[in-house]
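The model shown is predicted, which means the values in this text are computed figures rather than measured ones.
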Amino acid sequence: MAAVRVEEVLAAAEEQEEEKRRSVTVEKELELEFDLGNLLALDPNPPAAASLRGDGPRREALLRALARDNTQLLVARLWELPAERAGGAGGPLVAQLPDPAFRLPREKPPPRPRPPTRWEQFARLKGIRRRKRTSLVWDEQAKEWRRRWGYRRAGGDPARAWLAEVPAGADPEEDQFARLRREKRERVARNELNRLRNLARAHRAGTAVPAAPLHPTGHQSREELNHVARVARVSTASLGRFQPRLPKESAELPSRSGGRKRRFEPLLGNLAAERSRQLEMLRDMGKKKPVLDITRAVNKQMRQEEAEAAAAKGKKKSQRGKRGRRQQRTGRSSKKSTARRQQQQRPAGSSTGSGRRKKA
């Protein structure tokens with residue numbers, strides 16, 4: 001076993017320590033500008049122009065070294081910020097970043113503010129402020145806490161109660177349970193109509209082209225309501241597949257594009273079928289003669305024959321009509337000439353039955 005000198009071990013340790021010190025120590029002629037709030041570092045030092053020319057391993061190595069040095073300076077500045085342990089003594093070390101100094105541009109424009117609904121406009125006009133209420137209230141009948149609205153709410157649904165009070169001045173023979181159910185359906189329809197109006201107003205405000213106007217007085221036509229309902233239905237992620245239908249609404253689902261949805265072949269699938277399809281396409285492209293579509297050729301020939309037959313039939317009808325008119329015209333002229341000839345052959349004193357009789 002070869003002897004190891006102490007000087008060699010110390011020299012190797014000093015070299016390793018110097019390498020570590022060089023890895024965290026970066027010297028720049030000009031100081032970098034830092035924006036720690038955005039984790040941004042700006043390097044004003046110009047790189048070597050000769051090393052950046054061309055595309056080669058030298059240029060790539062220079063860019064990597066430059067990015068590494070700047071990142072090292074940014075991390076060193078981050079370690080100088082005040083830090084604390086998140087979640088207790090055993091949690092990760094978190095640094096408190098200062099406020100950003102540079103205003104970076106957004107990738108997308110900021111979202112437009114949502115237009116206020118009719119209730120929000122009315123509340124702002126009247127000075128009504130929202131007060132946060134608890135979602136649970138005490139139900140005296142059930143003796144428990146129940147929801148304020150929705151299913152199994154406090155007080156229950158009046159239309160499902162076993163007893164209904166007859167209002168003063170109402171017809172005692174009227175079914176109060178049917179009246180309550182009818183009023184509930186009307187309230188639900190009114191709320192749905194208001195929701196559609198708000199959606200139409202928001203859609204009209206978000207588009208540059210003005211949509212069909214909806215009168216706020218409630219005098220909408222059937223076409224306008226159908227259009228708004230269709231827009232509201234296809235605005236969901238499922239294109240209205242799980243949206244409850246309104247009364248007297250068609251069962252078929254509206255389409256966002258107005259036609260059949262395009263379908264594409266999967267990217268990963270049957271490789272053998274894809275290979276055979278591509279080979280068949282290349283084989284057809286390499287042929288000198290064009291590919292003959294038998295079905296299309298037969299259909300074209302049949303249409304051509306039908307057109308020729310229709311043209312010949314129309315021509316025969318026109319000829320038959322001309323011949324009939326000519327025969328009719330010739331028959332009239334022969335009758336006139338025969339009557340004139342008979343009139344010339346009669347004696348002067350004779351008379352016919354068709355002539356006038358002389359008075360005695």
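Residue Glu29 places its CD atom among 12 or fewer non-hydrogen atoms of other residues, nucleotides or ligands, all under 6.0 Å distant. Around the CH2 atom of Trp149, the shell of radius 6.0 Å holds no more than 12 heavy atoms that belong to other residues, nucleotides or ligands. Residue-environment remark: CG (Asp99) stays at or below the threshold of 12 foreign heavy atoms within 6.0 Å. More than 12 heavy atoms of other shown residues, nucleotides or ligands fall within 6.0 angstrom of atom NZ in Lys28. Enclosure of atom CD in Glu7 by more than 12 non-hydrogen atoms of other residues, nucleotides or ligands within 6.0 angstrom is indicated. Within a 6.0 Å sphere centred on CZ of Arg124, heavy atoms belonging to other residues, nucleotides or ligands number 12 at most. Dense packing is recorded around CD of Glu305, with more than 12 heavy atoms of other residues, nucleotides or ligands lying under 6.0 Å away.
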Item checked: Test log, rule side chain to side chain contact (heavy atoms under 4.5 Å, CB included), inputs Asn198 and Trp119 -> CA-CA 10 Å; Asn198 294 332; Trp119 164 250; over 6 Å; no
Notebook entry, point to check: What do the steps show when you test Asn45 against Leu32 for side chain to side chain contact (heavy atoms under 4.5 Å, CB included), and what is the final call?
Noted result: CA-CA 8 Å; Asn45 298 282; Leu32 272 67; 4.2 Å; yes
Margin query: Working note: Leu42 + Phe34, criterion side chain to side chain contact (heavy atoms under 4.5 Å, CB included); need CA distance, chi angles, decisive distance, verdict.
Written below: CA-CA 6 Å; Leu42 302 177; Phe34 296 97; over 6 Å; no
Next item on the list: Any chance you could lay out the side chain to side chain contact (heavy atoms under 4.5 Å, CB included) test for Glu274 and Arg277, step after step, and finish with the verdict?
Entry: CA-CA 5 Å; Glu274 180 69 19; Arg277 187 163 56 250; 2.4 Å; yes
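Arg152 places no side-chain N or O within 3.5 Å of a backbone atom of Arg146 that could act as its donor or acceptor partner. Without hydrogens or angle criteria, Glu183 side chain to Leu180 main chain gives no donor-acceptor distance under 3.5 Å.
Nearest heavy-atom pair across Phe122 and Ile128 is CE2-CD1, 4.1 Å.
Between Leu163 and Phe177 the shortest side-chain heavy-atom distance does not fall below 4.5 Å. Looking at heavy atoms from C-beta onward, Leu40 lies out of side-chain contact with Pro100 at the 4.5 angstrom threshold. Considering only heavy atoms from C-beta on, Arg148 stays 4.5 Å or farther from Leu136 through its side chain. Looking at Gln72 and Arg77, their side chains never come closer than 4.5 Å, going by heavy atoms from C-beta outward. The shortest distance between side-chain heavy atoms of Leu199 and Arg195 falls below 4.5 Å.
In this structure, the separation between CG on Leu97 and CG on Leu78 is 7.0 Å, given to the nearest 0.5 Å.
With salt bridges taken as basic N to acidic carboxylate O contacts below 4.0 Å, none links Glu306 and Lys300. Comment: Asp139 does not engage Arg153 in a salt bridge, judged by the lack of any side-chain N to carboxylate O separation of less than 4.0 angstrom. One finds a salt bridge joining Lys143 and Glu140 here, because a Lys/Arg side-chain nitrogen approaches an Asp/Glu carboxylate oxygen to under 4.0 Å.
Side-chain contact of Asn38 with Asp35: a donor-acceptor pair under 3.5 Å is present, judged by distance alone. Using modelled atom types and a 3.5 Å distance limit, the side chains of Gln176 and Arg179 yield a donor-acceptor pair.
Follow the hydrophobic side-chain contacts under 4.5 Å out from Leu66 and you never reach Leu62; the two are in separate clusters.
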